[in-house]
Amino acid sequence: MNTNFNKTKLGVIGCGKMAAAILGGIIKNNFLNNENIFVYDKNPEASSALSKEYGFIKVNTISQLLNEVDTLLLAVKPFVVNDVLGEIKQNYKNQLIMSILAGVKIEKYLSILNSAKIIRIMPNTPALVNEGMSAVCASPQVSKEQIDFAYSFMANCGKVIITTENKIDIITALSGSGPAYYFRIIDLMAKSAQKLGLDYNEAILLSVQTALGSAKMILENDFNINQLIKNVTTPGGCTEVGNKVLEESQIEQILDKTILDTTNKAIELG
């Protein structure tokens with residue numbers, strides 16, 4: 001890690017749950033100094049809460065924020081981006097801008113801030129438990145050191161990949177929206193067991209821990225999923241029967257459509 005990263009002065013615009021999760025990881029890992037993080041939200045209670053919890057410096061305006069920092073984290077709702085960029089433009093001092101706004105493309109930022117240095121980040125909600133998955137892409141003006149900073153910044157709350165913007169909408173569908181799909185599958189498996197006689201509380205624990213352990217095994221076995229399936233499946237046994245049901249259920253086509261339609265929606269929003 002570049003030891004100069006901790007000298008960065010970060011300004012945060014938008015203090016919702018995702019920003020709080022990311023900043024929590026930053027502080028837990030001592031990536032930045034508390035006193036070098038400035039927070040702003042149009043709802044003063046939100047910025048006050050973060051300031052009190054972590055010792056950040058609360059500011060009352062975006063212009064005040066821009067006078068203090070060299071890097072920005074945009075974490076507002078996408079529908080207010082025009083207003084926020086308009087305010088940034090008035091006092092912009094060529095700060096690096098990292099944005100976690102879904103669907104807002106680099107071209108949008110550049111149309112208002114011209115040659116700004118923009119890094120788009122697609123995080124997901126497991127960042128709240130330090131198990132996030134983030135993808136990072138950058139505008140041409142961004143330096144390698146700045147990309148390294150964004151990568152290291154997001155690595156404080158999970159895993160990160162560097163990508164290109166033409167893949168971000170697909171990544172939005174897979175990892176951005178993906179947690180909701182896994183939540184549903186885990187819940188449905190538990191409810192299937194409940195119908196056969198398990199108490200829901202024990203069924204959901206069994207389903208959740210099985211999903212968690214299975215995911216960890218994939219990570220620790222070089223993503224060799226087919227071999228892991230074989231390891232669990234005894235010829236003529238229970239798992240083989242279940243595998244056959246899945247194979248005959250058109251689940252592949254259902255998941256293909258889920259990711260395709262979600263990707264198309266992300267493209268539409270952009």
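Since this is a predicted model, take the numbers as computed values, not measurements.
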Inter-residue atom distance [X].[atom1] - [Y].[atom2], 0.5 Å rounding:
X    : Y    : atom1 : atom2 : answer
R120 : S99  : CZ    : OG    : 7.0 Å
L96  : K117 : CG    : NZ    : 6.5 Å
L23  : F153 : CG    : CZ    : 6.0 Å
S134 : I22  : OG    : CD1   : 6.5 Å
M122 : N124 : CE    : CG    : 9.0 Å
I37  : L10  : CD1   : CG    : 5.5 Å

Quiz item: Is it true that K105 and E165 have a side-chain N and a carboxylate O under 4.0 angstrom from each other?
Solution: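 Between E165 and K105 there is no salt bridge, as every charged N stays at least 4.0 Å from the carboxylate O atoms.
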Quiz item: Can a salt bridge be assigned to the pair E268 and K265 using a cut-off of 4.0 Å between side-chain N and carboxylate O?
Solution: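 Yes, charged N to carboxylate O under 4.0 Å.
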How close do [X] and [Y] get, heavy atom to heavy atom, and via which atoms?
X    : Y    : value
S249 : I254 : O-CD1, 4.1 Å
D41  : C15  : OD2-N, 2.7 Å
A190 : A203 : O-CB, 3.5 Å
V104 : K108 : CG1-CG, 3.7 Å
Q141 : A116 : OE1-O, 3.6 Å
Q146 : S143 : OE1-N, 3.0 Å

In one Ile/Leu/Val/Met/Phe/Trp/Tyr side-chain cluster, 4.5 Å: [X], [Y]:
X    : Y    : value
I171 : I147 : no
F79  : L85  : yes
L174 : I100 : no
M133 : L101 : no
F38  : I88  : yes

Any side-chain heavy-atom pair from [X] and [Y] closer than 4.5 angstrom?
X    : Y    : answer
N130 : K28  : yes
V12  : L50  : no
V160 : M154 : yes
K9   : T71  : no
C137 : K167 : no
I118 : L110 : yes
L74  : Y109 : yes
N156 : F31  : yes

Quiz item: Can I13 and L65 be said to form a side-chain contact (heavy atoms from CB on, under 4.5 Å), step by step?
Solution: CA-CA 9 Å; I13 301 177; L65 187 81; 3.3 Å; yes
Distance-only polar pair, side chains of [X] and [Y], donor-acceptor under 3.5 Å:
X    : Y    : value
K93  : N67  : yes
Y200 : D187 : yes
D70  : T8   : no

[atom1]/[X]: more than 12 non-hydrogen atoms of other groups inside 6.0 Å:
X    : atom1 : value
K216 : NZ    : no
E45  : CD    : no
E252 : CD    : no
E240 : CD    : yes
M18  : CE    : yes

Practice problem: Using the side-chain contact (heavy atoms from CB on, under 4.5 Å) rule, take N91 and I62 through it: C-alpha gap first, then chi angles, then the decisive distance, then the call. | Solution: CA-CA 8 Å; N91 294 277; I62 290 177; over 6 Å; no
Quiz prompt | side-chain hydrogen bond (donor to acceptor under 3.5 Å, both in side chains) assessment of Y92 paired with N114 | solution = CA-CA 11 Å; Y92 183 58; N114 300 320; over 6 Å; no
Practice problem: Evaluate the criterion side-chain hydrogen bond (donor to acceptor under 3.5 Å, both in side chains) for residue pair T262 and Y181; output intermediate values, then yes/no. | Solution: CA-CA 11 Å; T262 310; Y181 309 146; 2.8 Å; yes
Treating [X] as the side-chain partner and [Y] as the backbone partner, does any N or O pair qualify as donor plus acceptor under 3.5 Å?
X    : Y    : result
T61  : Q64  : yes
N34  : G55  : no
E202 : D199 : yes
E53  : A49  : no

Practice problem: Walk me through it: do N221 and L228 pass the test side-chain contact (heavy atoms from CB on, under 4.5 Å)? | Solution: CA-CA 8 Å; N221 286 274; L228 288 169; 4.1 Å; yes
Practice problem: Before giving the answer on side-chain contact (heavy atoms from CB on, under 4.5 Å), spell out for V136 and T163 the whole-Å C-alpha distance, their side-chain angles and the decisive distance to 0.1 Å. | Solution: CA-CA 6 Å; V136 171; T163 190; over 6 Å; no
Quiz item: How are the rings of F149 and F5 set relative to one another: parallel (under 30°), tilted (30 to 60°) or perpendicular (over 60°)?
Solution: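 Ring orientation of F149 relative to F5: perpendicular.
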Quiz item: Run the ring-ring contact (aromatic ring centres under 6.0 Å, His included) check on Y40 and F56 step by step: do they pass?
Solution: CA-CA 10 Å; Y40 167 80; F56 302 150; over 10 Å; no
